[in-house]
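Please read these numbers as outputs of a predicted model, since none were measured by experiment. Order of listing sets the numbers, starting from 1, for every ligand and every atom in it.
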Amino acid sequence: MSDLRLPEGVSDCSGETPGNVALNLADVVAGFLAARLREAPRASLVVSGGSTPLPFFKALSGKDLEWSRVDVLLADERWVDEADDASNTRLVREHLLQNKAASARFLSLKQPGATPAEGLDRVKAELADLALPIDVLILGMGNDGHTASLFPDAPELEGAMNPECQEIVAAATPASQPQKRITLTWPPLRDARFTALHLKGEDKLQTLARAMSEPDKVLEMPIRAFLKPGLQVFWSP
Ligand SMILES: O=C(O)[C@H](O)[C@@H](O)[C@H](O)[C@H](O)COP(=O)(O)O
């Protein structure tokens, strides 16, 4: 990761290429899920959308796990139908829930409702028997410092980032984004047993450096709230 010094306790799991990083991340995640399944009846995997995860999804989909005992869900979703190219649900169904991973249980953040706010109760019902804490969380990051759909310009951000927030999901309506969003809130994301930050490109490295420069201003760059001991950063050029 060039010469970027990560915060104390944050691991650098960078690689030479997006493909190598994806394969390594898939190995690490499969190992963690398998270990959890030896201790618990089910395991949970929360993934992010966007473009970075695709080779990781493909590599993970082929891993030999008891996928029928794995709950897969998104950390956030654009409030669009699956037919829409912007749908993260479609991305997960087409690239992760294939091959061996096809038997995983997918919990969808996109439920009927004209807006995320209207659909919130149905989403909460969908997540009602999701065992917390989350076992494995894969986060991405935008160059504005957002992660999941915790956007700096979302009016709902302060509530979703509140350590006392009792809701597992929240609507997000950042003016910077073309679609309304729904997102897991900070507390369930914060408490994940294993968190990986999956990044690609020099621009993301510069954004990470900017995030690290003022770690306490989390509402300006929500990714800052995750740069804590235990985080593993999987970056490639
Ligand atoms: O729905 C989304 O957009 C994602 O959940 C979001 O948080 C994503 O992880 C970042 O925007 C990075 O996206 P890229 O991988 O495309 O850079």
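Ranking protein heavy atoms by distance to atom 8 (C) of ligand 1, first place goes to Gly49 O, 3.9 Å. Atom 12 (C) of ligand 1 has Met141 O, 3.5 Å as its closest protein atom, hydrogens excluded (heavy atom only). Atom 13 (O) of ligand 1 has its closest protein heavy atom at Gly50 CA, 3.9 Å.
Under the 4.5 Å side-chain criterion, counting only non-hydrogen atoms from C-beta, Glu118 is not in contact with Leu120. Side-chain contact between Phe234 and Ser14 is absent, with no heavy-atom pair separated by less than 4.5 Å. Looking at heavy atoms from C-beta onward, Pro237 lies in side-chain contact with Trp235 at the 4.5 angstrom threshold.
Contact analysis puts Arg181 in contact with ligand 1, with a non-hydrogen atom separation below 4.0 angstrom. A heavy-atom separation below 4.0 Å is not found between His198 and ligand 1. Look at Ala148 and you'll find a heavy atom under 4.0 Å from some atom of ligand 1.
Residue contacts with ligand 1: Ser48 is placed with no nitrogen or oxygen under 3.5 Å of a nitrogen or oxygen of the ligand (distance criterion only). Between Arg78 and ligand 1, at least one pair of N/O atoms sits closer than 3.5 Å.
No side-chain donor from either of Ser108 and Glu126 sits under 3.5 Å from a side-chain acceptor of the other. Thr89 and Glu77 share a side-chain donor-acceptor pair at under 3.5 Å. Using modelled atom types, one finds no donor on one side chain facing an acceptor on the other under 3.5 Å when comparing Thr183 with Asp76.
Checking side-chain atoms of Ser87 against main-chain N and O of Asp84 turns up no donor-acceptor pair under 3.5 Å.
The contact set between ligand 1 and Thr52, taken as ligand atoms under 4.0 Å from a residue heavy atom, comprises 14 (P), 15 (O), 17 (O). Below 4.0 Å from some heavy atom of Gly140 lie the following atoms of ligand 1, by number and element: 9 (O). Close contacts of ligand 1 with Asp76, meaning ligand atoms under 4.0 Å from a residue heavy atom, involve 1 (O), 2 (C), 4 (C), 5 (O). Per-residue contacts place Lys204 under 4.0 angstrom from the following atoms of ligand 1 (heavy atoms of the residue considered): 12 (C), 14 (P), 17 (O).
Under a hydrophobic-cluster definition in which Ile, Leu, Val, Met, Phe, Trp and Tyr are linked whenever side-chain heavy atoms come within less than 4.5 Å, directly or via other members, Met141 and Phe151 are assigned to different clusters.
Compare His146, Glu77, Gln179 by their heavy atoms: the one nearest to atom 10 (C) of ligand 1 is in His146.
Only the side chain of Asn88 comes within contact range of ligand 1, with a heavy atom under 4.0 Å; no backbone atom does.
We find the CZ-CG distance between Phe56 and Leu96 to be 7.0 Å, quoted to the nearest 0.5 Å.
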